[in-house]
Number of protein chains: 2
Amino acid sequence: MGQKPTLQSLASSLGVSRQTISNVLNNPQIVQASTRDRVLAEIRASGYRPSAAARSLRSRRSQVIGLRIRPAVDGINGSVMDAFLHALVECAQRRDHRLLLITASGDEPETTEQGALHTAGAIDGCVLTDTHLDDTRPAALAAAGVPFVAFGRPWQDRPAAHSWIDIDGAAGTRTATEHLLGLGHRRIAFLGWPAGSGVGDDRRAGWRQAMAQSGVTAEDLAAGALDQRTADGVVEGTQAMDWARRAGATAAVCASDSLAVGASTLLRRTTDAETARTAVVGFDDTPVAAALGLSSVRQPVAAAASRVVDLLIDRLTTPETDARPVPVQDLLEPELIPRQFDRRLDPTSP
Amino acid sequence: MGQKPTLQSLASSLGVSRQTISNVLNNPQIVQASTRDRVLAEIRASGYRPSAAARSLRSRRSQVIGLRIRPAVDGINGSVMDAFLHALVECAQRRDHRLLLITASGDEPETTEQGALHTAGAIDGCVLTDTHLDDTRPAALAAAGVPFVAFGRPWQDRPAAHSWIDIDGAAGTRTATEHLLGLGHRRIAFLGWPAGSGVGDDRRAGWRQAMAQSGVTAEDLAAGALDQRTADGVVEGTQAMDWARRAGATAAVCASDSLAVGASTLLRRTTDAETARTAVVGFDDTPVAAALGLSSVRQPVAAAASRVVDLLIDRLTTPETDARPVPVQDLLEPELIPRQFDRRLDPTSP
DNA sequence: CAAGTCGATTGGATCGATCAAATGCCGAGA
DNA sequence: TCTCGGCATTTGATCGATCCAATCGACTTG
C-alpha cells in the first residue's frame with residue numbers, strides 16, 4: 001500500500017463507482033446488501049478513511065463543536081468543569097462529532113473567535129459555559145449566525161431565544177437544608193458568595209426557601225446568610241464558619257466545596273466540643289469533599305453534557321429550511337450525597 | 001452581503017486573481033505593498049475567512065492537534081493537567097493551530113483513534129500525556145506515521161526515538177528535601193505511591209539522593225519511605241503521616257499535594273505539640289495547598305506545554321523530504337514554593 | 001537594440017469527497 | 001409486445017482553497 005486510499009482508488013479496485021462507496025458510508029440502506037458487504041470488507045481491509053477536509057468542503061459541515069476553556073482559578077471547583085468537559089467529548093464522539101478548544105481573554109474575544117471559526121467552517125456550532133448576568137455572548141453569536149447551546153441559564157429577566165441546560169442549584173441547597181432540618185438543626189447558616197452572581201444567588205435562594213417553609217423564626221434566619229466579600233475559597237470558608245458559629249449556627253449549607261472544606265477545617269481544629277459537632281454540607285461533590293467525608297450536593301454533570309450535545313447536534317442536523325426551532329430550556333435536579341459530616345443535632349445542647 | 005465571500009468573489013470584486021489574494025494571506029512578502037494593502041482592506045471590510053476545509057484539502061494540513069483527555073480521578077491533581085491543557089491551547093493558538101479532544105478507554109483505543117483522525121486528515125499530529133512503563137503508544141503512533149510529542153518521558157530503559165518534554169520530579173523532591181535539611185530536620189519521611197509508577201519512583205529517588213548526600217544515618221533513612229499500597233489520596237496521606245510520626249520523622253516530603261493535604265490534616269488535628277510542629281512539603285502547588293499554607297513543588301507546566309507545542313509544530317512544518325529529525329528530549333526544573341508549613345526543627349526537641 | 005533577468009501576477013489543474021441528475025435494469029401491467 | 005415505475009448504480013459538476021507553470025511588464029546589460 002503506497003498511497004492513502006481514496007474513494008476513487010477504492011472504487012476502481014472494486015469495480016464500482018465512487019458514489020456507491022459514498023452511499024455505503026452515508027446512506028447504507030439504499031445500497032444492495034451484497035455490494036454493501038463487499039465494499040465494507042474492502043474498506044476495512046484497506047484501512048480507508050474518508051478525508052475530513054473533502055467531506056467538510058462539500059457537505060458544508062465539519063462535525064466539530066467549539067468550546068472555550070478557562071484556566072481553573074480554583075482547583076477544587078475546576079473538577080466540575082473537568083467532568084463536564086469529559087462528558088461533552090464522550091457524548092459528542094458517540095454522535096460522530098469532535099470538540100475543538102479555544103481560549104479567549106474575555107467574552108467578546110470569545111464570540112469573535114467562535115464566529116471566525118464558524119465562518120471558516122472549522123466548527124459547526126459551539127457550547128457556551130459560565131453564563132452570567134449581562135452576558136453578551138448569546139446575542140453576539142445569534143447575530144453572527146453561530147448555532148449554540150448554553151450550559152447555564154441566562155440570568156437575565158427576559159426569556160432567552162436560545163436553548164440551554166442548567167442545574168437547579170436552588171433545588172440542591174433546598175434539599176441540603178431540608179436534610180439538615182430533618183436531623184434536628186434549626187439554626188442553619190448559609191455560607192455563600194457575594195450577591196450578584198447568578199449561581200450564588202440561586203443557591204442562597206434554595207436555602208432561604210427551605211428555611212422559610214420549615215417555619216424557623218426570623219431570628220434563626222437572620223443568623224444565617226454569610227456572604228463573603230472576597231472570592232470563593234478554602235480560607236474564606238474557615239472564616240465564615242467561625243462567624244456562623246459565633247452567631248449560634250449548629251449547621252451550615254455551603255455554596256461550594258471550597259467553602260465547605262474551609263469550614264470543616266475549622267471544625268476539625270477546634271477544641272470546643274460543641275463546635276466540633278457542627279454539621280456541614282458542601283456543593284459539587286468534589287473528590288476532596290469525598291475524601292474528607294463531607295456531605296455534598298452532586299450536580300448531574302454528565303447528564304447535562306449529554307443533553308447539551310444532543311440539543312446542539314439536533315439543531316445542526318435539522319435542515320435550515322424549517323421554521324425557527326423552538327428553544328429547549330431545562331433545569332436538571334442535583335442529588336445530595338450524605339456522608340459522616342451530617343451530624344445530628346445533640347438534643348442536650350441548648 | 002448575501003453569500004459568504006470566497007477567494008473567487010473577493011478576487012473579481014477587486015479585479016485581481018484568486019492567487020494574489022491567497023498570496024497576501026500566505027506569502028505576503030511576494031506581493032507588492034500597494035496591492036497587498038488594498039486586498040487586506042477588502043478582506044477586513046468583507047469579513048472574509050478562508051475556508052478551513054478547502055485549505056486543508058489542498059494543502060494537506062489541518063492545523064489541528066489531537067489530545068486525549070481522561071477523567072480526573074483526583075480533583076486535586078487534576079488541576080495540573082488542567083493547567084497543562086489550558087497552556088497547550090493557548091500556545092497552539094498563538095501558532096495558528098487548534099486542539100481537538102478525544103476520549104478513549106485505553107492506550108490501544110487511543111492510538112487507534114488518533115491514527116484514524118490522522119489518516120482522515122482531521123489532525124496533523126498529537127500530544128501524548130501520562131506516559132508510563134511499557135507504554136505501547138509511541139511505537140504504535142510511529143508505526144501509523146502519526147507525528148507526536150510526549151509530555152512525560154518514556155520510562156523504559158532504552159532511549160526513545162521520539163521527542164518528549166518532562167518535569168524533573170527527582171530534582172523537585174531533592175530541592176524540597178534539601179530545604180527541610182536546611183531547616184534543621186534530619187528525620188525526613190517520604191510519603192509516596194507504591195513502587196512501579198515511573199513518576200512516583202522518580203520523586204522518591206530525589207528524596208533518597210538528597211538524604212544520602214546530606215550524610216544522614218542509615219537509621220534516619222530507614223524511617224523514611226512510606227509508600228502507600230493504595231492509590232494517591234487525602235486519606236492515605238493522613239495515615240502515612242501518622243506512621244511517619246510514630247517512626248520519629250519531624251518532617252515529610254510528599255509525592256503529591258493530595259498526600260500533603262492529608263498529612264497536614266493530621267497535624268492540624270493533633271493535640272501533641274511536637275507532632276503539630278512537623279513540617280510538610282507537597283508536590284504540584286495546587287490551589288488547595290496554597291490555601292492551606294502548604295509548601296509545595298511547582299511544576300513549570302506552562303513552559304512544558306509551550307515546548308511541547310513548539311516541538312510538535314516544528315516537526316509538522318518541516319518538509320518530510322529532510323532527513324529523519326533528531327528527537328529533542330528535555331527535563332524542566334520544578335521550583336519550590338515555600339509557605340508557612342516549612343517549620344524549623346525546634347532545637348529543644350529530642 | 002535585442003536578449004536576458006527578475007518580480008508581480010495570472011490561469012489551469014487538483015485535492016477528495018458529496019450533490020443532483022441521468023442511466024441502465026428489471027418486472028408488472030395494459 | 002411495449003411502456004412505465006422504481007431501484008441500484010453511475011456520471012458530471014461542484015465545494016474553495018493551494019500548487020505549479022506560464023505570462024507579463026519593467027529594468028538591466030552586453
Side-chain angles (χ1 to χ4, degrees), chain A residues 3-40 43 46-64 96 116-122 124 317 319-321, chain B residues 3-40 43 46-63 96 117-122 124 317 319-321:
Chain A
Q3 284 300 85
K4 264 188 202 172
T6 71
L7 259 198
Q8 186 62 267
S9 73
L10 262 197
S12 55
S13 82
L14 269 167
V16 298
S17 71
R18 309 180 309 259
Q19 188 64 33
T20 299
I21 305 185
S22 174
N23 284 335
V24 167
L25 294 171
N26 302 313
N27 291 74
Q29 71 283 358
I30 73 163
V31 178
Q32 199 176 326
S34 60
T35 54
R36 182 172 55 212
D37 294 345
R38 211 159 53 90
V39 169
L40 281 174
I43 286 178
S46 64
Y48 165 77
R49 298 271 157 192
S51 152
R55 162 174 296 188
S56 166
L57 175 59
R58 191 62 177 101
S59 65
R60 321 195 136 280
R61 211 170 281 128
S62 61
Q63 314 272 96
V64 174
D96 194 30
L117 286 173
H118 181 254
T119 53
D124 293 335
T317 48
E320 301 229 2
T321 56
Chain B
Q3 284 299 83
K4 263 188 202 172
T6 71
L7 259 198
Q8 186 61 266
S9 72
L10 262 195
S12 54
S13 82
L14 270 167
V16 298
S17 72
R18 309 180 308 260
Q19 188 63 36
T20 299
I21 305 185
S22 174
N23 285 334
V24 168
L25 294 171
N26 302 314
N27 291 75
Q29 71 283 357
I30 73 164
V31 178
Q32 199 176 329
S34 59
T35 54
R36 181 172 55 214
D37 294 345
R38 211 159 53 90
V39 169
L40 281 175
I43 286 178
S46 66
Y48 165 76
R49 297 274 158 191
S51 151
R55 163 174 294 189
S56 167
L57 174 60
R58 190 63 177 101
S59 66
R60 324 195 132 279
R61 210 168 282 129
S62 60
Q63 313 273 94
D96 194 31
L117 286 172
H118 181 255
T119 53
D124 294 336
T317 49
E320 301 227 3
T321 56

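Below, read A as the first sequence line, B as the second, and so on, with proteins coming before strands; counting in each chain starts at 1.
In this structure, A:Ile21 places its CD1 atom 10 Å from P of C:dT18, rounding to the nearest Å. The interatomic distance linking A:Asn23 (CG) with D:dT10 (C1') rounds to 10 Å, in whole Å. In this entry the distance linking CG of B:Leu14 with C1' of C:dT9 reads 14 Å, nearest Å. Distance, B:Ile30 CD1 to C:dC6 P: 16 Å, rounded to whole Å. For the pair B:Leu7 CG and C:dT9 C1', the interatomic distance rounds to 15 Å; values are reported in whole Å. Across the protein-nucleic acid pair, B:Asn27 atom CG and D:dC20 atom C1' stand 13 Å apart, rounded to whole Å. Distance, A:Arg18 CZ to D:dA8 P: 20 Å, rounded to whole Å. Following rounding to the nearest Å, A:Leu25 (CG) and C:dA17 (P) show an atom-to-atom distance of 9 Å.
The distance from the CD1 atom of A:Ile21 to the CG atom of A:Asn26 is 11.5 Å, given to the nearest 0.5 Å. Interatomic distance, A:Leu10 CG to A:Thr20 OG1, rounded to the nearest 0.5 Å: 12.0 Å.
Where B:Ser22 and A:Thr35 meet DNA chain D, the nucleotide closest to each residue was compared, and A:Thr35 sits on the side nearer the 5' end. Each of B:Gln19 and A:Gln19 was assigned the nucleotide of DNA chain C with the nearest heavy atom; the assignment lying further toward the 5' end belongs to B:Gln19.
Closest contact between the side chain of A:Arg55 and the listed nucleotides C:dA17, D:dG16, D:dT18 involves C:dA17. When each of C:dA17, D:dT10, D:dT18 is scored by its nearest atom to the side-chain atoms of A:Ser17, the top-ranked nucleotide is D:dT10. The side chain of A:Val16 has D:dT10 as its nearest neighbour among D:dA17, D:dT10, C:dT10. Here the side chain of B:Leu57 is nearest to one of C:dT18, D:dC19, C:dC15, namely C:dC15. Listed candidates were C:dT10, C:dG12, D:dT9. Nearest to the side chain of A:Val31 is D:dT9.
For the OP1/OP2 pair of C:dT18 and a distance below 4.0 Å, the side-chain nitrogens and oxygens of A:Asn26 include at least one atom meeting the criterion. Side-chain nitrogen and oxygen atoms of A:Ser59 include none within less than 4.0 Å of the OP1 or OP2 phosphate oxygen of D:dC15. Not one side-chain nitrogen or oxygen of A:Thr6 sits closer than 4.0 Å to the OP1 or OP2 atom of C:dG16. OP1 or OP2 of C:dG16 has not a single side-chain nitrogen or oxygen of B:Arg58 nearer than 4.0 Å. Put simply, B:Arg60 has a side-chain N or O that comes within less than 4.0 Å of OP1 or OP2 on C:dG16.
Nucleic acid contact for A:Arg49: sugar-phosphate only, since backbone atoms but no base atoms lie under 4.0 Å from a heavy atom of the residue. Residue A:Gln32 is classed as a sugar-phosphate contact, given heavy-atom separations below 4.0 Å to backbone atoms only. As judged by a 4.0 angstrom heavy-atom cut-off over every strand, B:Thr20 is placed among the base-contacting residues.
Between the side chain of A:Ser22 and the backbone N or O of A:Arg18 there is no donor-acceptor pair closer than 3.5 Å. A:Asn23 contributes a side-chain N or O that, together with a main-chain N or O of A:Gln19, makes up a donor-acceptor pair within less than 3.5 Å. With hydrogens and angles disregarded, no donor-acceptor distance shorter than 3.5 Å links the side chain of B:Ser9 to the backbone of B:Pro5. For B:Ser62 (side chain) and B:Ser56 (main-chain N/O), no donor-acceptor pair under 3.5 Å exists by modelled atom type.
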